[in-house]
Amino acid sequence: MTDKIVYFLRHGEAQSNKNGFLAGHGDVELTELGMAQAAATEPLLRHVSFDRVYCSDLARAKKTAALALPHVTPIYTPAIREIDVGALSFKTPEQCEAEYGEAYTAGRGKSNFVPFGGEDRQMLAERVGAFLRELEQEDLATVGVVCHRGTMLAAAAYMLGEKCPTLTVDNCGIGVFAYRNGCWRMLKWNVTAKL
């Protein structure tokens, strides 16, 4: 259990964020603003010497990593994808409500997308928790994780447990955590670059 610092970075604004549809595991691209956000993040992370960077294998995270960390070759993994919304991908909330009615309304409020072939909050927590438990064992001092809002919130809940506050994660928001003697501590949260 090596002491480490872990930098989490949410992807920049994606087409789903701008146009108000659900993405989940659906592959959507960054908007022009999202690319600008990712590029503006580069100076905030330029000084960090990463031993390794993990990145979600979805396009919006991959493009963010390429712009924010241009001199790093990330390891792409599905383990840190956003929550899977199943058949709801690429649909707006209004379309989901019209098609699925109360089943959608009840599920969305609880982040339960299992009825639509996706995941629920607990499944996301287990997937992200498994990733973090592996990370805890790795002999790495400084790690980057380029991922999604849901992934970052699940990671914060895992690391802070019952002490986890209600958190906001902006596009290209950075969260920094320290791991020492088997315990996690939040150092920074939702740091963003000025555009």
Side-chain angles (χ1 to χ4, degrees), residues 1-14 16-17 23-31 33-84 124-160 167 169-180 183-195:
M1 291 205 238
T2 306
D3 292 353
K4 58 184 87 298
I5 301 292
V6 182
Y7 290 76
F8 285 84
L9 171 62
R10 182 187 177 193
H11 62 77
E13 182 188 68
S16 52
N17 303 132
H25 286 191
D27 238 351
V28 296
E29 297 295 329
L30 294 181
T31 63
L33 174 59
M35 288 188 278
Q37 290 168 331
T41 303
E42 189 273 336
L44 299 180
L45 298 172
R46 184 182 300 154
H47 70 285
V48 181
S49 296
F50 290 104
D51 295 313
R52 185 172 297 157
V53 172
Y54 292 99
C55 182
S56 162
D57 61 350
L58 297 175
R60 55 198 186 270
K62 290 167 81 171
K63 184 65 173 180
T64 298
L67 292 167
L69 302 166
H71 303 297
V72 173
T73 303
I75 296 172
Y76 301 114
T77 174
I80 51 177
R81 285 181 174 185
E82 181 59 275
I83 192 168
D84 186 2
L124 173 65
E126 289 170 6
R127 174 162 53 83
V128 173
F131 169 80
L132 292 171
R133 284 188 293 278
E134 287 182 20
L135 185 60
E136 289 168 358
Q137 302 303 317
E138 292 181 348
D139 188 20
L140 303 168
T142 308
V143 179
V145 180
V146 183
C147 56
H148 309 267
R149 176 183 177 275
T151 313
M152 284 181 68
L153 294 175
Y158 171 89
M159 293 185 280
L160 302 176
L167 300 168
V169 188
D170 293 325
N171 289 115
C172 279
I174 300 169
V176 185
F177 291 81
Y179 181 73
R180 186 169 192 181
C183 294
W184 288 97
R185 186 167 52 99
M186 180 189 288
L187 303 179
K188 296 180 182 179
W189 185 260
N190 204 32
V191 176
T192 56
K194 302 283 188 235
L195 287 181

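Remember, predicted model here, so these are calculated numbers, not experimental data.
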May I have the list of side-chain donor-acceptor pairs in residues 63-70 shorter than 3.5 Å, sequence neighbours left out?
unit_1: Thr64; atom_1: OG1; unit_2: Gly12; atom_2: N; d: 3.1
unit_1: Thr64; atom_1: OG1; unit_2: Arg60; atom_2: O; d: 2.8

Contacts of Ala79 that satisfy side chain to side chain contact (heavy atoms under 4.5 Å, CB included) - sequence neighbours left out: Thr77, Phe131

Leu45/Val72 under side chain to side chain contact (heavy atoms under 4.5 Å, CB included): CA gap, chis, key distance, verdict: CA-CA 11 Å; Leu45 298 172; Val72 173; over 6 Å; no

Distance-only donor-acceptor pairs under 3.5 Å for side chains of residues 140-154, two or more places apart:
unit_1: His148; atom_1: NE2; unit_2: Ser56; atom_2: OG; d: 2.8
unit_1: Thr151; atom_1: OG1; unit_2: Ile80; atom_2: O; d: 3.0
unit_1: Thr151; atom_1: OG1; unit_2: Arg81; atom_2: O; d: 3.0

Heavy-atom closest pair (Ala40 atom, Ala193 atom, distance to 0.1 Å) is O-CB, 3.2 Å

Thr41 and Arg10, any side-chain heavy atoms less than 4.5 Å apart: no

Check the pair Ile5, Leu187 against side chain to side chain contact (heavy atoms under 4.5 Å, CB included), reporting the backbone distance first and the verdict last. CA-CA 9 Å; Ile5 301 292; Leu187 303 179; 3.9 Å; yes

Once rounded to the nearest 0.5 Å, what's the spacing between atom NE2 of His11 and atom NZ of Lys62? 14.5 Å

Can you tell me how far apart SG (Cys172) and CE (Met35) are? Round to the nearest 0.5 Å. 11.5 Å

Please work out whether the ring planes of Trp189 and Phe177 are parallel, tilted or perpendicular, with thresholds of 30° and 60°. perpendicular

Run the side chain to side chain donor-acceptor pair (under 3.5 Å) test against Thr31 and tell me which residues pass, sequence neighbours left out. Glu13

All pairs passing salt bridge (Lys or Arg N to Asp or Glu O under 4.0 Å) where residues 39-55 contributes a residue, at least two apart: Glu42-Arg46, Arg52-Glu138

For residues 184-195, the salt bridge (Lys or Arg N to Asp or Glu O under 4.0 Å) pairs (sequence neighbours left out) are none

What pair of heavy atoms forms the shortest contact from Val28 to Ala59, and how long is it? O-CB, 3.8 Å

With no hydrogens and no angle check, is any side-chain donor or acceptor of His25 less than 3.5 Å from a backbone partner on Glu82? yes

From Leu167 atom CG to Leu160 atom CG, the distance as rounded to the nearest 0.5 Å: 7.5 Å

Over all atoms of both residues, closest heavy-atom pair of Arg127 and Asp84: NH2-N, 4.5 Å

Measure across Thr192 and Gly173 and return the closest heavy-atom pair with its distance rounded to 0.1 Å. CG2-CA, 3.7 Å

What are the two closest non-hydrogen atoms of Ala36 and Leu195, and how far apart are they? O-CD2, 3.6 Å

Show the numbers, then the answer: is there a side chain to side chain contact (heavy atoms under 4.5 Å, CB included) between Leu132 and Tyr179? CA-CA 11 Å; Leu132 292 171; Tyr179 181 73; over 6 Å; no

Donor-acceptor pair, side chain of Asp170 and main chain of Asn190, under 3.5 angstrom: no

Mind checking the OH-CD spacing from Tyr158 to Glu126? Nearest 0.5 Å is all I need. 12.5 Å

Could you give me the CA-CA distance, side-chain angles and deciding distance for Phe8 and Val169, then say whether side chain to side chain contact (heavy atoms under 4.5 Å, CB included) is met? CA-CA 11 Å; Phe8 285 84; Val169 188; over 6 Å; no

